[in-house]
Protein chains: 2
Amino acid sequence: MDRPYHHGDLRAALVAAALQAVERHGHAAVSLRALAQALGVSHAAPYRHFANREALLAAVAAAGFASLVEGYLAAWHTAGAVPAASRLRAAARSLLTFATERPALFRLMFQGAPPPGGRAAADAAYASFAATVAATLPGAPEAAVKARTIAMWSTLHGFALLCLEGRLRPFMLGPLPPAALLEAVLDAALASPATSLATSPAPGPAVA
Amino acid sequence: MDRPYHHGDLRAALVAAALQAVERHGHAAVSLRALAQALGVSHAAPYRHFANREALLAAVAAAGFASLVEGYLAAWHTAGAVPAASRLRAAARSLLTFATERPALFRLMFQGAPPPGGRAAADAAYASFAATVAATLPGAPEAAVKARTIAMWSTLHGFALLCLEGRLRPFMLGPLPPAALLEAVLDAALASPATSLATSPAPGPAVA
DNA sequence: GGGGATGAGTTGGCAGTGTCAACTTGTCGC
DNA sequence: GCGACAAGTTGACACTGCCAACTCATCCCC
């Protein structure tokens, strides 16, 4: 049986294969030519569907974001009618689980400046996250909610990356069991400090 | 004037040139061949000093860590006799400054699993950080100190990366001025939640 | 139903990369 | 002076992303 001239849905097949390759060997090791060969098409065929390598990886990252919010919202909803803080904790835990279970994909999603076309998926994911955080702070002023959202995101994002990059070495933990560390970090992420929202004369971060 | 056969200190020259290239164009764009050409040596000369590209980049990252702790400790010491929390805040601010002022170098330092030989510099940097955090928590039990250290690191690390990757978009900040956000994140990082250090049956993070 | 138009896939090639093996050149110690 | 050894060179291989020119299949329209 010889393959037909037209593949059928090469674009989707490429994204799927690239996702698999990313998860298996990291996004640095994906080669368009290797993917094409694995799918039985010629080495230039991918360029009919993606402008370049980066565009294909952006599509993979978008799929990753979709999967991330799916798990996040599922955790949020199945947590049910427990206090809002507990729901948020459950959702945050699902975030960290995603990061540690699919490290290479997570890296791809958050590494490097996001490509122009790839911002939509990331923005949508942020929207879901922000909504759940806001739900735990009813009546708080907008600026305080936004600050809390980004602070919490920072803690979770930083911890996720430190974990999956193998940056947390045993000597840093000492007698502290990993599970306890996880809980402590969740405590830190969820704790709401008395945020001093007075504008102070400090250098601000670059906001793109 | 023709160059002598032996370069003199090609190794140091390579690291310096690579550092410059990283800061200018990002570590993905450094090419051993281009560096060699720029230094007036043949394309294979770098392999006399570095086993491969990764080893050279590891040396650059190590230099970055040295520079990072230099600035960090300077900020810590010049903060002087103010309360411990303020000193730590000043030091933390220097960390974020480093990240936003030298984004490409920071990325290189923390991205991807650290190479076997490149752990020493990162470990030394962590030691400085941990020492300053511990100084603000006199008398606290070891596990609590370690948990606080990593939680604080997570927040700072995450915020730094979100900033320098351009992940913080204007719509996420709304009316919140960047300087206020910075302060809010520092508040969150420095706040000490009532850490529940009881071991709970939750999946722990992978610790390498 | 014949016949373009057009999207999808192919072949071939270019420039550039990391890496290795074999060779040459300089330097230093005996 | 000479031989060992480190440092640098040449040449090659396999691989990559990307582009231009070409071919094939399909679909719409008269």
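FYI, side chains are in, hydrogens and waters are out, and symmetry mates aren't considered; it's all heavy atoms of this structure. Chain A is the first sequence line, chain B the second, and so forth, proteins listed ahead of strands; every chain is numbered from 1. Everything numeric in this text was worked out from a predicted model, so none of it was measured.
Judged purely by atom type and a 3.5 angstrom limit, B/R148 uses its side chain to pair as donor or acceptor with the backbone of B/A191. A donor-acceptor pair under 3.5 Å is formed between the side chain of B/H77 and the backbone N or O of B/L73. With hydrogens and angles ignored, the 3.5 Å screen pairs a side-chain donor or acceptor of A/T155 with a backbone N or O of A/A151.
Between the P atom of C/dT10 and the CG atom of A/L39 lies a distance of 11 Å, rounded to the nearest Å. When the P atom of C/dT17 is taken as reference, atom CD of B/E54 falls 19 Å away, rounded to whole Å. The CZ atom of B/R48 sits 10 Å away from the C1' atom of C/dA21 (whole-angstrom rounding). Spacing between atom CG of B/N52 and atom C1' of C/dT19 amounts to 9 Å, rounded to whole angstrom units. Between the CZ atom of B/F50 and the P atom of C/dT19 there is a distance of 13 Å, rounded to whole Å. One can place CD of A/Q37 at 13 Å from C1' of D/dT16, the figure rounded to the nearest angstrom.
Base engagement by A/H43 is indicated by at least one non-hydrogen atom pair under 4.0 Å involving a base atom.
Among pairs with a residue in residues 16-52 of chain B, none fulfils ring-ring contact (aromatic ring centres under 6.0 Å, His included), at least two apart in sequence or across chains.
Salt bridge status for A/R93 with A/E183: present, with a side-chain N to carboxylate O gap under 4.0 Å.
Here the nucleotide nearest the side chain of A/Y47, chosen from D/dG17, C/dG12, D/dG8, is D/dG17.
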Side-chain donor-acceptor distances from residues 30-42 of chain B under 3.5 Å, at least two apart:
| from | atom 1 | to | atom 2 | distance (Å) |
| --- | --- | --- | --- | --- |
| B/S31 | OG | B/R33 | N | 3.3 |
| B/S31 | OG | B/A34 | N | 2.9 |

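Shown for residues 10-35 of chain A: residues whose heavy atoms fall under 4.0 angstrom of DNA chain C, namely A/L10, A/R33.
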